[in-house]
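What you see is a predicted model; the values in this text were computed from it and never measured.
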Amino acid sequence: MSYPTDKKAPIIQHDIIEHTPPTNEFDMRISNDEKEGLVNLNMPKEGLSKFHLITAFLAIFLIMSMFIPKIFIANNIYYTSREISRLHAEQELLYEEKIRLQREIELINNKHLMLELGV
């Protein structure tokens, strides 16, 4: 196959087609062994098998069955302790109020006693 030496001259398409080697019809066919090989091709399956999938779900279920009660109990303990501390603060406040009221009662009793004695 000869190309033109002149850079401006175009390459003619039919020259390229004419110089290609002829193809043999036998080269284009697939043998019966190759056909059977393609039909019986054993591709490995991708993904998880049923056994592995069931095992994974069981593992997740076991983990959740252990941690969900722990989380529930921890939350209950937290909220109960908050309630206890709130009630304890109220108790201290009421105790201080009780002491203040007792002092007031004592002062009123002293004034009343003084008035009765005529001082």
### Summary
Rounded to the nearest 0.5 angstrom, the NE2-CG distance for His112 and Leu117 is 10.0 Å
#### Entry: For Glu83, all residues meeting side-chain contact (heavy atoms from CB on, under 4.5 Å), sequence neighbours excluded
Arg86, Leu87
### Query
Does Glu97 have any salt bridge (Lys or Arg N to Asp or Glu O under 4.0 Å) partners at least two apart in sequence or in another chain, and if so, which?
Arg100
### Query
Apart from Leu107 itself, which Ile, Leu, Val, Met, Phe, Trp or Tyr residues share its cluster (side-chain heavy atoms under 4.5 Å, direct or through members)?
none
N/O donor to acceptor pairs below 3.5 angstrom from side-chain atoms of residues 56-79, sequence neighbours left out:
| residue | atom | partner | partner atom | Å |
| --- | --- | --- | --- | --- |
| Ser65 | OG | Phe61 | O | 3.3 |
| Ser65 | OG | Leu62 | O | 2.8 |

### Query
Who are the side-chain contact (heavy atoms from CB on, under 4.5 Å) partners of His88, not counting sequence neighbours?
Gln91, Glu92
### Task
Among Ile, Leu, Val, Met, Phe, Trp and Tyr joined by side-chain contacts under 4.5 Å, find the other residues sharing a cluster with Tyr95 and list them by chain and number.
Ile99
### Task
Working to the nearest 0.5 Å, report the span between CG of Asn109 and CD of Gln102.
11.5 Å
## Note on the structure
To the nearest 0.5 Å, atom NZ of Lys111 lies from atom CD1 of Ile108 at 7.5 Å
### Task
Please identify each residue that fulfils side-chain contact (heavy atoms from CB on, under 4.5 Å) with Ser49, with sequence neighbours left out.
Phe51, His52
